[in-house]
Protein chains: 2
Amino acid sequence: MNPQHPDVDQISLSNVLAALGDPTRLAIVAELARKGDGPVSCSHFLMFTSKTNLSYHLAKLREAGVTRTEVSGTSRFTTLRRADLDQRFPDLLASVITGASTADESEAQTT
Amino acid sequence: MNPQHPDVDQISLSNVLAALGDPTRLAIVAELARKGDGPVSCSHFLMFTSKTNLSYHLAKLREAGVTRTEVSGTSRFTTLRRADLDQRFPDLLASVITGASTADESEAQTT
DNA sequence: GCCTTTGTTCAAAATTCATTGAACAATTGG
DNA sequence: CCAATTGTTCAATGAATTTTGAACAAAGGC
């Protein structure tokens, strides 16, 4: 009934980094952190993209092990898997969130 | 004569994360760290992929601001831009390197 | 002057990713 | 029960990414 999540020890670093390496998903994670790690319902993130695309990005984060999704009625609440990520990759999430909140993400692209 | 590198304040978090979010590039960065942040010549990384593909991945790391490349004769030496990255995103690189070295990157993939 | 070493560039192919709209599913309020 | 709310799935498309091989370029050694 609830979506599937990888187990803590199946979370891979490159998957996590790839998940966070997308601007939309990084914004979602930063927003989650700003909201005290959640839970936050999907619709809240409509500020970033369309409903359909959001579903896609939230799935990516979930499958990478960055977030957890719990169904409640017609809504779904997303939380950051901070403890799990901290256990596996200490300091990573904190530094990413700090970086995302501090540096304004409107710099010139190298690509 | 030397390749181009982004300036410190043009380094963007999502670009860095995307650069590190590839297994080959993550391995290169971990190897650089293992070697004391470089300088390491390109050919050393042939342990990870082909010459041509290596050129591509090293360019990605360079363009994201993760590494610096300096030409010397017929060789090119790569170093980690640790100070620059630390200034911009404190603790990020360290946690990534620790994660890459600690957790063995042979876990099951969710995708 | 060559030939080797080291690495890049280019074009093509294969793969993966992101985005969209239409249709669907589940739950809940009236 | 009906309609609205919330979000997913599917198929299609366009866009980036990754990978490859062939050809090239720039030293340096002999």
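Computed from heavy atoms alone, side chains included, the values below leave out hydrogens, waters and symmetry copies. Here is the naming used below: chain letters follow the sequence lines, and residue numbers restart at 1 for every chain.
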Query raised in the report: Between D84(A) and R68(A), is there a side-chain N and carboxylate O pair less than 4.0 Å apart?
Result: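 Salt bridge flag = yes for R68(A) with D84(A).
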
Query raised in the report: Between S72(A) and F77(B), who's closer to the 5' end of DNA chain C by nearest nucleotide?
Result: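 Counting from the 5' end, the first nearest nucleotide belongs to F77(B).
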
**Report entry** Nearest-nucleotide comparison on DNA chain C, the residue closer to the 5′ end among S50(A) and G73(A)
**Finding:**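 Here S50(A) is the residue nearer the 5' end.
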
Query raised in the report: Can you find an N or O donor on one side and an acceptor on the other, under 3.5 Å apart, linking the side chain of T52(A) with the base of dA22(C)?
Result: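 Present.
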
Does a nitrogen or oxygen in the side chain of [X] sit under 4.0 Å from OP1 or OP2 of [N]?
| X | N | value |
| --- | --- | --- |
| S41(B) | dT6(C) | no |
| H57(B) | dT17(D) | no |
| R76(B) | dA26(D) | no |
| N53(B) | dT19(D) | yes |
| S55(A) | dT8(D) | yes |

Requested in this report: Would you check, one step at a time, whether the test salt bridge (Lys or Arg N to Asp or Glu O under 4.0 Å) holds for K60(B) with D22(B)?
Outcome: CA-CA 10 Å; K60(B) 278 269 165 182; D22(B) 173 273; over 6 Å; no

Report task. For the side chain of S75(B), starting at C-beta, report the closest nucleotide among dT5(D), dT8(C), dG7(C). Result ->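 From the listed options, dG7(C) comes nearest.
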
Query - Y56(B) side-chain proximity, nearest of dG7(D), dC17(C), dT18(D) - result: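 Looking only at heavy atoms from C-beta outward on Y56(B), the closest nucleotide is dT18(D).
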
Requested in this report: Would you confirm whether H5(B), through its side chain, and T69(B), through its main-chain N or O, come within 3.5 Å as a donor-acceptor pair?
Outcome: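 The answer is yes, because a donor-acceptor pair under 3.5 Å joins these two groups.
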
